[in-house]
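Let me begin by presenting the structure, written as structure tokens, before commenting on it.
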Amino acid sequence: MVYNTLSREKEHFIPLHAPFVGMYACGPTVYSEPHLGNCRSFVMYDLMVRYLTHLGFKVRYLRNITDAGHVESTSGETGDRIGKQARLEQVEPMEIVQKYTVKFHWIMDLLNCLPPSIEPTATGHIVEQIEMTKTILANGYAYETDEAIYFDVEKFSKDYPYTQLSGRNLEELLNNTRELGGQSSKKGRLDFALMIKAKPEHIMRWPSPWGDVYPGWHIECSAMSTKYLGKTFDIHCGGMDLIPTHHTNEIAQSIACNHTTPVKYWLHPNMLTVNGQKMSKSLGNAFLPVELFEGTHPLLDKGYSPMTVRFSMLQAHYRSTLDFSNDALKAAEKGYKRLMSAMNLLKGITVSDTVNADEEAAVNKILLGVYEGMNNDFNAAQAIAELNEAATIINTWNDKQNKKASIQAFTLSRLQQTYRAFLIDIFGLQEETENDNSKLSGVMDLVIDIRKDARGKKDFATSDKIRDALQSVGIQLKDSKDGTTWEGN
RNA sequence: GGUCGGAUGGCCGAGUGGCUAGGCAAGGCUCUGCAAAAGCUUUUACAGCGGUUCGAAUCCGCUUCCGACCUCCA
């Protein structure tokens, strides 16, 4: 079951051409570093792709890179953000694109997001976008002015539903003019540019039947999704803030061009908030992933690892807003470790001679529950709750039952496989090896050994001195039956 | 102003009308030379007021508060 923004209901997910699934996600505009809110969306798409793949679907996952400037259309004045940033940094636009594309990939990698099957760029598909514009013109849903080729929303809305996705009232949209003083050559307020005629100083430009142009924002997604996924495909994702404008216009363009509804299921992750307010570049409250990993943001009192961040995102359902805070991250850090530790302990569990009916039933309930959670519109939070129940059972086996589980061997092996599949394959969590500094770990081995000797001799003054001194520099010793380990931060 | 969506225990957060989600924090216990760490365990919350129902956190209405979109944003 997936929640479809188009119908505003949960629907059974039935691909058009099972087992193949076509999925398109709106990717980043590479004019600056992606912030955490952007990252949340990408992690959620990644979750969807991973789960569908786990279920056996063959997913073709497209995530575009917008590397040609968006248009700021309020006043009709055209400017593009990549060009703007390029002037600011005094470099070529393509240098900006390259710089932030590399950065984006690096962050996706840290967060363990799988690369898409195809990552098309807007500039690599100018020809397709021009062709599409031509067709829309020929079909009568666009017009040319001396500034741009505009999509004619009023004309389109007479023939097709325009506001289906957003649920807005068209009349009000048209009348709620709140007029812009600009001298735009647009006919209608809602009209948007398919192609913009490049002014002489504009660096990014391509020849077209209408002179040198560069593309408007919406046309690239329509052109590229059509090219690689077909005129109609299964899933289109994007942030909720894209619904009323970007996705609405995407649908309109595709219909005006292909005369068919482009997408079967629209899935929209919600916003990430900070103190209840949407995180966004324009509000200036954006966290950069690096600030989070290093703990350099003023609102944080320490750094949090990429997997902690990923886990905190998985704990909330994708259509809910998620509030980011120090406390929430701290809780996520511990919760993440708890599950990973249970997964590792589970490897060492074997079955006992007897089968306890209650244990058997509890484990079977969990094995069903995790899938129920994910089948319920990718509700990872629900699945995590089940895995936590399992963690308690696993810890009890480990501590109190001599690493023996009183369940059937078949059930245990299913639990082991499922637990791992959910954490590693579906949630995309991975072990974090922090203690990779070999010099430090050599020193720590020595220190721990000295302390062990001191404790053996009941020289607790020395052993406590070591423990406390390490604590004060941020290294924590953890004593257990199997020896002492340490954790630094 | 218009449209849409929220309000859940100390915090974060699931909840598909009936069977105390879960995590974190806190208390208790186990372990430990003492701690820490780790583990087990305890704590019955759903903004307010009405209504529908045998039964509502869940459905309906009103009120209050918050947010998103309407202008670039995932």
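Lettering follows sequence order; numbering is per chain, from 1.
As rounded to whole Å, 10 Å separates atom P of B:rA74 from atom CZ of A:F104. Put simply, CD on A:Q382 is 6 Å from P on B:rG15, counting in whole angstrom units. The separation between A:L477 atom CG and B:rA37 atom P is 12 Å, rounded to whole Å.
At a threshold of 4.0 angstrom between heavy atoms, the contacts of A:L387 with the nucleic acid are absent. Here A:M279 lies in heavy-atom contact (under 4.0 Å) with a base. Using a 4.0 Å heavy-atom cutoff across all strands shown, A:S463 reaches at least one base atom of the nucleic acid.
Contact check, A:T29 against B:rC72: no side-chain N or O comes under 4.0 Å of OP1 or OP2. An OP1 or OP2 oxygen of B:rG22 is reached within less than 4.0 angstrom by no side-chain nitrogen or oxygen of A:N388. Within the structure, every side-chain polar atom (N or O) of A:K84 is placed at least 4.0 Å from both OP1 and OP2 of B:rC72. Contact between the side-chain N/O atoms of A:N376 and the OP1/OP2 oxygens of B:rU16 is not found at any separation under 4.0 Å. The shortest distance between the side-chain N/O atoms of A:T392 and the OP1/OP2 oxygens of B:rC40 is below 4.0 Å. The phosphate of B:rC40 (OP1 or OP2) has a side-chain N or O of A:R338 nearer than 4.0 angstrom.
By the 6.0 Å contact criterion, NZ on A:K403 is open, its count of non-hydrogen atoms from other residues, nucleotides or ligands being 12 or less.
Where A:G238 and A:A331 each meet RNA chain B at their nearest nucleotide, the meeting point lying more 5' is that of A:A331.
The base of B:rG13 lies outside donor-acceptor range of the side chain of A:D327, with no N or O pair under 3.5 Å. If you check distances only, the side chain of A:R467 never reaches the base of B:rA36 with a donor-acceptor pair under 3.5 Å. One cannot find a donor-acceptor pair under 3.5 Å joining the base of B:rC4 and the side-chain atoms of A:R8.
The separation of B:rG23 from B:rU42, taken at their P atoms, amounts to 11 Å, rounded to a whole angstrom.
A:N375 and A:Y51 are linked by a side-chain donor-acceptor pair at a separation below 3.5 angstrom, with hydrogens and angles left out of the test.
In this structure, A:F42 has its ring center under 6.0 Å from that of A:F104.
Cation-pi geometry between A:R319 and A:Y3 is met: the NZ or CZ atom falls under 6.0 Å from the ring centre, inside 45° of the normal.
With B:rA36, B:rG15, B:rA74 as the choices, the nucleotide that has an atom nearest any side-chain atom of A:N379 turns out to be B:rG15.
In this pair, A:H247 and A:H268 present their aromatic rings tilted. The plane angle is within the 30 to 60° band.
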